[in-house]
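What follows is a short report on a single structure.
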Amino acid sequence: MMLNMDYAQRRERLARQLPGKSVAILMNPKPAHKTGDQDYAYRPDSNMLYFCGMDEPGAVAVIMSADQAKRMVMFVLPRDPERERWVGPRYGCEGAVAQFKADEAFDIGLLKDKLSEILFALDGVYFDFSQASELSPMLFEVVEKLRHRGRHAAEGPRAFCDLRDIVGEMRRIKDADEIEAMKRAAAVSVAGFKDVCKMLRPGIGEWEVEATLQHGFRARGAIGESFGSICAGGAHATTLHYEANRDRLNDGDLILIDAGAEVDYYAGDISRTYPVNGRFTDAQRDIYALVLKAQKEAIKMCVVGNHMKSPHERVREVFADGLHALGIFAEEPKEILEKNLDFEFFFHGTSHYLGMDTHDVGIAYGRGDDAPAPLLPGVVITVEPGLYFTENDARVPEKYRGIGIRIEDDVLITEDGPVVLTADLPKEIEDIEK
Ligand code: GLY
Ligand code: MN
Ligand code: MN
């Protein structure tokens with residue numbers, strides 16, 4: 001499925017950032033085997049989707065730096081009427097040229113030979129190093145042969161470079177088409193959560209909550225979930241990525257739901273924590289109110305001029321005050337922060353980039369967690385503070401043990417301040433109690 005996005009313009013922006021005579025190689029993965037002759041549901045590579053909108057398994061796109069005559073060469077599965085009768089049509093080389101605007105397209109079986117011709121005249125090759133096991137053996141083989149072939153000056157590229165830095169910075173800042181897609185993903189995600197609010201009651205299975213989300217997403221046109229839904233009743237919520245979803249929900253417990261719809265290959269990512277029977281206990285309300293306060297304060301920090309760590313720093317301040325006030329820490333807030341005591345109960349970051357990948361690409365921090373990246377217009381991040389008190393943690397007042405609460409929204413940074421894409425989903429106590 002090709003979306004109505006300006007792929008050629010994105011490729012030009014990439015081409016202009018590729019130095020000298022170089023190319024960027026994009027590749028869709030091969031289908032992943034599941035059982036017998038079944039494969040897992042196919043998900044194309046996000047970079048391939050971003051630059052080409054090309055969704056066919058195994059396809060390769062070679063994008064040339066700006067000073068070369070050709071702009072893009074593609075390698076695709078050849079047409080095969082017999083296979084296509086079983087699994088559906090292929091684009092073929094003609095389709096790659098006609099639909100995806102490649103200058104030339106070849107049978108994927110010719111990739112190695114053709115790469116040898118292309119790389120012969122190049123200085124550098126850019127590809128996503130997280131796909132290195134697929135690509136680099138072939139690239140090294142091609143380059144080695146080129147080295148042996150040249151009599152005087154060695155032929156072929158001098159450098160392999162990670163494409164992620166260039167592409168990460170491009171994809172970190174969403175263009176107008178992407179922001180529209182992210183709004184659609186957010187809206188469908190919100191609708192799925194609202195479906196859950198209608199069916200939530202003691203005695204139902206966590207799996208029923210999961211199924212309600214899946215139905216809510218798919219029925220509204222989503223590809224599916226952006227990641228495995230977390231439907232964590234009671235103390236399961238203190239396991240950050242509990243995805244088993246196999247217990248029943250007890251009267252008096254909370255359920256932490258962390259889920260999102262993937263719409264047009266863009267992710268929603270929402271967390272809400274609800275009282276299963278519709279009413280918080282006093283202890284649950286204490287913690288919920290603290291997490292909610294921290295989340296709302298952190299969202300205010302999502303402004304141009306701040307950086308990726310600004311929301312997190314604000315969450316920590318609010319938590320330090322609140323954890324002291326609730327008697328969970330005897331230490332003063334200043335000491336809690338200096339000694340990182342809050343990390344015991346809030347042991348993940350507040351924000352990640354959101355986009356085609358749920359944890360989207362783009363450098364958020366320099367090496368060693370320093371140099372947080374600036375928040376710029378078009379950046380979309382999550383804001384997702386949480387507090388988690390395990391069942392047997394004797395350091396915590398008994399009434400708080402077994403409580404895990406996370407609240408997560410998706411936030412677009414704009415010149416005019418934060419835009420909460422998932423704002424339609426209630427999170428105030430009076431709005432979620434029944
Ligand atoms: N569900 C993954 C996350 O919230 O980061
Ligand atoms: Mn999440
Ligand atoms: Mn998240």
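Positions are given from 1, in the same order as the sequence printed here. Every number for a ligand or one of its atoms is a count from 1 in the order of the listing.
- With hydrogens and angles ignored, the 3.5 Å screen pairs no side-chain donor or acceptor of D258 with any backbone N or O of I230.
- Looking only at atom types and distance, the side chain of S130 has a donor-acceptor partner in the side chain of D128 under 3.5 Å away.
- Taking distances strictly below 2.8 Å, the protein N/O/S atoms close to the Mn ion (ligand 2) are D258 OD1, D258 OD2, D269 OD1, E408 OE1.
- Counting only distance, with no hydrogens or angles, the side chain of E225 and the backbone of S229 share a donor-acceptor pair below 3.5 Å.
- In this structure D286 satisfies the salt bridge (charged side-chain N to carboxylate O under 4.0 Å, His left out) test with no other residue, sequence neighbours excluded.
- For the Mn ion (ligand 3), the N/O/S atoms of H352 include one lying under 2.8 Å.
- Note on residues 196-209: pairs passing side chain to side chain donor-acceptor pair (under 3.5 Å), not counting sequence neighbours, are E206-Y242.
- Aromatic ring pairs are classed by plane angle as parallel below 30°, tilted from 30° to 60° and perpendicular above 60°; the pair F100 and Y91 is perpendicular.
- At least one donor-acceptor pair closer than 3.5 Å links the side chain of Q284 to the backbone N or O of T281.
- Evaluated for a side chain to side chain donor-acceptor pair (under 3.5 Å) with T350, the options E384, H312, K309, E408 yield exactly one hit, H312.
- At a threshold of 4.5 Å between non-hydrogen side-chain atoms, the residues R316 and L337 count as touching.
- No more than 12 heavy atoms of other residues, nucleotides or ligands shown are found within 6.0 angstrom of CG on D282.
- The immediate protein surroundings of ligand 1, defined as residues with any heavy atom under 4.0 Å of it, consist of F227, H241, D258, D269, H352, H359, E384, E408.
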